[in-house]
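See below for the structure under consideration.
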Number of protein chains: 2
Amino acid sequence: MGRWLPNREGLKMDFLLQELRRAGYRITDARRAIVQALVNASRPLNPQELYEAARVQHPRVGLVTVYRTLEALLELGMVQKVHGEQGCVGYVYTGRGHRHVAWCRACGRAFIFEGQEDLSSLEQSLERTLHFRVEGHLLQLTGLCAECQART
Amino acid sequence: MGRWLPNREGLKMDFLLQELRRAGYRITDARRAIVQALVNASRPLNPQELYEAARVQHPRVGLVTVYRTLEALLELGMVQKVHGEQGCVGYVYTGRGHRHVAWCRACGRAFIFEGQEDLSSLEQSLERTLHFRVEGHLLQLTGLCAECQART
DNA sequence: GGCCTTACTGAAAACGTTTTTCAGTAACTC
DNA sequence: GAGTTACTGAAAAACGTTTTCAGTAAGGCC
Ligand SMILES: [Mn+2]
Ligand SMILES: [Mn+2]
Ligand SMILES: [Zn+2]
Ligand SMILES: [Zn+2]
């Protein structure tokens with residue numbers, strides 16, 4: 001069964017489990033372990049990495065359940081994909097709402113922030129020139145986090 | 001060998017072949033067919049689709065060569081991946097330089113435009129609050145193109 | 001608490017996509 | 001035209017993801 005120490009990420013974890021519960025999913029040891037591994041991760045994890053991290057708490061967990069849990073969390077808008085140069089580098093906890101990712105190219109950590117950027121002039125420009133009506137966007141930033149700048 | 005009718009996309013095709021040549025690649029019938037299929041496509045194509053399109057001009061082409069050609073063009077910054085909700089939906093010709101994609105959710109066509117958006121206030125905000133130094137970004141818009149709006 | 005329903009689980013197999021291997025071919029250089 | 005070697009396509013291998021299925025346990029109910 002395992003014990004779940006209250007920590008800084010405990011709140012995120014409780015929130016995620018609550019959201020799963022609200023959506024009709026059952027709370028199982030496998031899901032607890034996967035969700036805990038996800039909120040404790042400092043950088044985006046792919047299914048294989050998340051699987052390995054979850055096995056620390058729940059060694060009997062299967063990789064399939066990781067895929068299924070990620071699917072559910074993605075559906076609920078609780079996690080987002082992070083895109084690298086060659087494809088998807090992993091999934092990261094973002095919580096509810098319109099969020100963006102700033103991804104450090106040196107340490108690989110993801111920093112989540114609310115989408116407060118202003119793309120309205122770009123959207124108007126597209127509307128005028130192409131008559132394209134913008135409905136949504138995918139925006140991800142890359143660069144260097146504070147610590148990795150200092151390390152240089 | 002096949003004939004290459006001069007058309008609107010002929011310029012793009014010549015440019016791509018030229019760029020491949022400049023980078024030291026040899027120009028082969030397979031590459032010609034793949035590049036032609038790519039510039040003639042009105043929407044992002046995945047390797048399988050590009051393979052089928054290229055076979056019209058060069059039926060003996062192999063899917064492997066499509067992968068290798070896409071890798072080269074991506075390396076040269078001539079094509080970009082287009083990201084959908086569930087992952088990469090395909091590759092699209094963008095040409096040299098910082099370009100963005102507006103992707104129509106109805107017809108699937110991609111509209112390429114130069115990156116003239118202003119993210120500086122967002123970047124400054126990230127610099128101030130997180131001390132994150134932004135170096136680059138991935139921005140893709142989704143919505144409805146002019147024709148698909150009219151069709152509603 | 002115990003019972004019942006059924007969502008969930010993990011192992012295995014199946015699957016589709018991408019990469020590697022390799023011997024033959026042909027593009028480019030001289 | 002001859003020589004070098006990058007490129008080709010078929011096949012096999014490797015990879016990541018999804019499906020299948022019989023056993024398990026979560027949550028609702030009394
Ligand atoms: Mn936004
Ligand atoms: Mn831009
Ligand atoms: Zn960093
Ligand atoms: Zn459209």
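These values consider heavy atoms only, across backbone and side chains, with no hydrogens, waters or symmetry-generated copies. Letters go in sequence order (proteins before strands), and every chain restarts at 1.
When rounded to the nearest whole Å, the span between OH of B/Tyr51 and P of D/dT8 equals 14 Å. At whole-Å resolution of the value, CZ in A/Arg55 and P in C/dT9 are 16 Å apart. Regarding B/Leu50, its CG atom lies at a distance of 15 Å from the C1' atom of C/dT18, rounded to whole Å. With rounding to whole Å, A/Leu17 atom CG is found 14 Å from C/dC8 atom P. Rounded to whole Å, atom P of D/dT24 lies 10 Å from atom CZ of A/Arg60. The nearest whole Å value for the distance from the CD atom in B/Gln86 to the C1' atom in D/dG16 is 16 Å. Nucleotide C/dC8 holds its P atom 12 Å from the CD1 atom of A/Ile34, rounded to whole Å. Going from atom CD of B/Glu49 over to atom P of C/dG16 covers 16 Å, rounded to whole Å.
Under the 3.5 Å distance criterion, the side-chain polar atoms of A/Arg31 are left unmatched by any main-chain donor or acceptor of A/Val35. Checked by atom type and distance alone, the side chain of B/Thr129 pairs as donor or acceptor with a backbone atom of B/Ser125 at under 3.5 Å.
When all heavy atoms of B/Leu70 and B/Pro47 are compared, the pair lying nearest together is CD1-CG, 4.1 Å.
Electrostatic pairing of A/Glu49 and A/Arg43 counts as a salt bridge here, judged by a charged N lying under 4.0 Å from a carboxylate O. For B/Glu19 and B/Arg22, the salt-bridge test passes: some basic side-chain N is under 4.0 Å from an acidic carboxylate O.
The local environment of CD in A/Glu85 is sparse, with at most 12 non-hydrogen atoms from other residues, nucleotides or ligands closer than 6.0 Å. With a 6.0 Å radius and a threshold of 12 heavy atoms from other residues, nucleotides or ligands, A/Glu147 has its CD atom at or below the threshold.
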inquiry  = For B/Tyr51 and B/Arg55: C-alpha separation, side-chain torsions, deciding distance, then whether side chain to side chain donor-acceptor pair (under 3.5 Å) applies.
reply    = CA-CA 6 Å; B/Tyr51 165 63; B/Arg55 285 214 291 182; 3.3 Å; yes
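When side chains are defined from C-beta on, B/Lys12 counts as touching B/Tyr93, because their heavy atoms get closer than 4.5 Å.
The bend of the helix from C/dG1-D/dC30 to C/dC30-D/dG1, defined by the angle between the axes of its first five and last five pairs, stands at 50° to the nearest 10°.
The nucleotide whose nearest atom lies closest to any side-chain atom of B/Ala30 is, among D/dT17, D/dG9, C/dC8, D/dG9.
Aromatic rings from B/His100 and B/His137 are positioned such that their centres are separated by under 6.0 Å.
Considering CG of A/Leu16 and CD of A/Glu9, their distance stands at 11.5 Å, rounded to 0.5 Å.
Residues from residues 61-73 of chain A lying near DNA chain C, meaning a heavy-atom separation below 4.0 Å, are A/Val61, A/Gly62, A/Val64, A/Thr65, A/Arg68 in numerical order. Near-neighbour residues of DNA chain C inside residues 18-28 of chain B, defined by a heavy atom below 4.0 Å, number-ordered: B/Arg21, B/Arg26, B/Ile27, B/Thr28.
Distances shorter than 4.0 Å separate none of the side-chain N or O atoms of A/His58 from OP1 or OP2 on C/dT9.
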